[in-house]
Number of protein chains: 2
Amino acid sequence: MTERAKKYASSTDVARLAGVSQSAVSRTYKPGAKVSEETRSKVLKAAAELDYRPSLIPRIMLTHRSNLVAIVIGGMYNPFYAAVLERFTVGLQDAGNQVLLVHADSGHSLDAAIPKLASYRVDAIVSALAILSPRSADELARFKIPVVSFNTPVRNEWVSSVCCDNVGAARALADLMLTRGGRRFGCISGPTASPASDERLAGFRTGLAMRGIEDLVTATADFRYEGGREAALRLFAAPRHPDALFCANDLMALGAIDALRRDLGLRVPEDVMVAGFDDIPSAAWGAYELTTFLQDGRRMVDEALAILKTAATAHGPVGDVAVDVPARLIERRTTQREPA
Amino acid sequence: MTERAKKYASSTDVARLAGVSQSAVSRTYKPGAKVSEETRSKVLKAAAELDYRPSLIPRIMLTHRSNLVAIVIGGMYNPFYAAVLERFTVGLQDAGNQVLLVHADSGHSLDAAIPKLASYRVDAIVSALAILSPRSADELARFKIPVVSFNTPVRNEWVSSVCCDNVGAARALADLMLTRGGRRFGCISGPTASPASDERLAGFRTGLAMRGIEDLVTATADFRYEGGREAALRLFAAPRHPDALFCANDLMALGAIDALRRDLGLRVPEDVMVAGFDDIPSAAWGAYELTTFLQDGRRMVDEALAILKTAATAHGPVGDVAVDVPARLIERRTTQREPA
DNA sequence: ACGAATAGTGCATAGCTATGCACGACGAAC
DNA sequence: GTTCGTCGTGCATAGCTATGCACTATTCGT
């Protein structure tokens, strides 16, 4: 559109001013290259005068590496994902990469964003989308870019996954709630498209079944506080309501607790036990003290970064790795109840 | 280091396979360019076969525009900033830009990150750092990249700012608390390096002074829940404690409320009124219902995006714009008290 | 003092796309 | 049938850095 004025000085400009060749300038900025002190100082002086910053763009063309890593994320309203994003960013920056942030709230918007990423020649993609179908994953593989799927167990030649042990954790929670005297069980799950939520629900159900309990009332919500609140109101409208409620994430659990206490006048944990998943900071807040599972975000991110590092040095595809990080039960007040 | 195998097909590769010139390939991907249907289909067929994606990198070199906008952020633990980041990302993506995310937790780490951004030839920088000194801002200006400082009122030739009216809002809050019968006032401020916190404290103090009240006890914390909790415990250790407490952000206010209620056995709002700033989602949660100010993040982001858009079409510096967005008082339960 | 090794420099080119320009083909207008 | 405009195509080059290669100057060993 508008003719862009030349904005940055080039190495040629610097070379001209310093009275040396362009190669000399380039070598001045390459650590360990052969440049005499005299040349170096002439170059640096000219560079300072022209405010020269070497551009990385031509280097990308030459080396086919951009040192850009894309993070695709949706749902930053959930502090767990905000924290994960922060850790990824810090970790990647420390490793000398830059982070390209992409917001996608659906598989559809993801499909639209990926070609852009390919055009920017990103070295790798991290997907921290709750919703990522195997079909989308196969679509991703066509771009021949290493992908790490965070918390969604899709895998193929180019896609690896780092997940937490949702099933095992939820099963353990069923045990705990039974031990604490739970009799009638309820569950608020996430959107149906979410594999993590599915696994948590399935694990909870299995845990109950192993102790001979088949009865479980469920409601579906959207992973948010308000959704959890409304789902709890629906679930507890019936006369014989649950006395032990598992929510597929902490935000919904907090919403459910407020619904129970403030709208329905029930006591937590005396009348109803509640547990969540993630261990976001507010789960520990004095007003709630929510029992939950610590998804070890730090460790999961580290595992993902390790995979990316491998992918960076490898030449071909390096996918199909699946790492499972265990979740740790954090029991707080919302399940602390004397067995009846 | 390792010789990177050629990974992507180039337009030349496609041209060879399709039996046309490289220009023809380029034009096929440029909307509105003159290409015959026949050529176009030959190109597209070859491109599909080779999985060709046009690279944006050479275009950056030619046009001096990368369509990359960097967002520098710290403290994503605060949901307000997480939400701001999300809005910026969506807004910039919609405008055809890509977001380069940079985490910086101090002015120092910012200084280290900026040269990298210059090397990637970002078109603009958004700083959503709570701590950005005028000195850092001048440092930034040396790079001749348009900068928008979010919520920190620094400005110079290259740096514009979008802030919310902290002073006016805090002054209005002093009025409200007086009207509600506050007698002894306390304030928990953020880190001393934070301009936003300084302004809020100053505004509160002014508001009180205008009604003849000079007495104000203060404590300093770190903008986090735990910090607010501990500051409240310190502030309320004295026998004659405040009965109206203003916290420089919501997270600290929530921590303070839990300290008052659960550790000190005080009632909120009956014994102590509490107000915060930001209107993060948890401020509205049933357990708190915190009176606060809505920093209109959406509008602030829109204003910032408008400035960036101007900067994108301008040739020279376009800084020194300062936008002030008013904050809206949201009165909830924590200040709802009958005047004594 | 002479050959050899080393340090330092510049030349030329790769890497990929966009685009101005020249050129050929074709239909339309006169 | 000549003269245009239009359309489509290919050629050549800009944009900036990194690096292999050739070349000169310097140092060292014997």
Side-chain angles (χ1 to χ4, degrees), chain A residues 1-44 46-47 50-67 115-116 118-121, chain B residues 1-44 46-47 50-67 115-116 118-121:
Chain A
M1 186 71 66
T2 66
E3 268 301 317
R4 191 73 165 183
K6 182 164 178 171
K7 194 169 164 184
Y8 294 93
S10 72
S11 57
T12 313
D13 299 330
V14 175
R16 194 179 311 123
L17 180 63
V20 298
S21 75
Q22 181 268 330
S23 339
V25 177
S26 176
R27 283 192 257 260
T28 299
Y29 288 90
K30 185 185 166 87
K34 304 187 294 188
V35 204
S36 69
E37 263 322 307
E38 192 196 341
T39 307
R40 160 172 263 112
S41 69
K42 274 195 293 188
V43 167
L44 290 180
L50 297 176
D51 261 329
Y52 171 68
R53 316 280 155 192
S55 168
L56 287 176
I57 308 299
R59 186 217 295 268
I60 297 176
M61 280 180 33
L62 289 174
T63 62
H64 298 290
R65 303 208 51 196
S66 62
N67 283 325
K116 262 292 173 69
S119 288
Y120 274 98
R121 299 297 191 244
Chain B
M1 184 73 64
T2 66
E3 268 300 317
R4 192 74 166 184
K6 183 165 175 170
K7 196 169 162 184
Y8 294 92
S10 72
S11 57
T12 313
D13 298 332
V14 175
R16 194 180 311 124
L17 181 62
V20 298
S21 75
Q22 180 268 329
S23 342
V25 177
S26 176
R27 284 191 255 260
T28 301
Y29 288 89
K30 185 185 166 85
K34 304 187 294 189
V35 204
S36 70
E37 263 323 306
E38 192 195 344
T39 307
R40 159 173 263 112
S41 69
K42 275 195 292 187
V43 167
L44 290 179
L50 297 176
D51 261 329
Y52 170 68
R53 315 279 156 192
S55 168
L56 286 177
I57 308 298
R59 185 217 295 265
I60 297 175
M61 280 180 33
L62 288 174
T63 61
H64 299 289
R65 303 209 51 196
S66 61
N67 283 326
K116 262 289 174 67
S119 288
Y120 274 99
R121 299 296 190 248

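Remember, it's a predicted structure, so these values are computed and weren't measured experimentally.
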Upstream residue (5' side of DNA chain C) when B/Met61 and B/Tyr29 are each assigned their closest nucleotide: B/Met61

Whole-Å distance between [N] [atom2] and [X] [atom1]?
X        : N      : atom1 : atom2 : result
B/Arg59  : D/dT13 : CZ    : C1'   : 18 Å
A/Ile60  : D/dT17 : CD1   : C1'   : 12 Å
B/Tyr8   : C/dA14 : OH    : P     : 23 Å
B/Asp13  : C/dG15 : CG    : C1'   : 12 Å
A/Leu62  : D/dA18 : CG    : P     : 8 Å
A/Ile57  : D/dA14 : CD1   : C1'   : 16 Å
A/Glu38  : C/dT9  : CD    : C1'   : 12 Å
A/Tyr120 : C/dC16 : OH    : C1'   : 16 Å

Would you mind classifying the nucleic acid contact of B/Val20 as base, sugar-phosphate or nothing, using non-hydrogen atoms under 4.0 angstrom? sugar-phosphate

At under 4.0 Å between heavy atoms, what does A/Val25 touch on the DNA or RNA strands: base, sugar-phosphate, or nothing? nothing

Looking at A/Ser119 and B/Pro54, would you say the former's side chain and the latter's main chain have a donor-acceptor pair under 3.5 Å? yes

With distance as the sole test, does B/Ser11 use its side chain to make a donor-acceptor pair with the main-chain N or O of B/Ser26 at under 3.5 Å? no

For B/Val25, the option from B/Asp13, B/Leu17, B/Val14, B/Thr39 that meets side-chain contact (heavy atoms from CB on, under 4.5 Å): B/Val14

Under 4.0 Å from OP1 or OP2 of D/dT17: is there any side-chain N or O of A/Ser55 that close? no

Short side-chain N/O contact to D/dT9 OP1/OP2 from B/Ser36, under 4.0 Å: yes

Mapping B/Ser21 and B/Pro58 onto DNA chain D by nearest heavy atom, which one lands closer to the 5' end? B/Ser21

Residue pair B/Ala24/A/Pro54 against DNA chain D: nearer the 5' end by closest nucleotide is B/Ala24

NZ/A/Lys42 to OG1/A/Thr28 distance, rounded to the nearest 0.5 angstrom? 10.5 Å

Out of curiosity, B/Leu50 CG to B/Arg16 CZ, how far, rounded to the nearest 0.5 Å? 9.5 Å

Heavy atoms under 4.0 Å is the rule here; annotate nucleotides 19-27 of chain C 5' to 3' with B where the base is hit, S where only the sugar-phosphate is, and - elsewhere. BB-------

Steps toward side-chain contact (heavy atoms from CB on, under 4.5 Å) verdict (A/Tyr52, A/Leu44): CA-CA 9 Å; A/Tyr52 171 68; A/Leu44 290 180; over 6 Å; no

From the candidates D/dC16, C/dT9, C/dA14, the one with an atom nearest any side-chain atom of B/His64 is D/dC16

Let's go through A/Met61 and A/Arg121 carefully: what are the C-alpha distance in whole Å and the side-chain angles of both, what is the deciding distance for side-chain contact (heavy atoms from CB on, under 4.5 Å) to 0.1 Å, and is it a yes or a no? CA-CA 9 Å; A/Met61 280 180 33; A/Arg121 299 297 191 244; over 6 Å; no

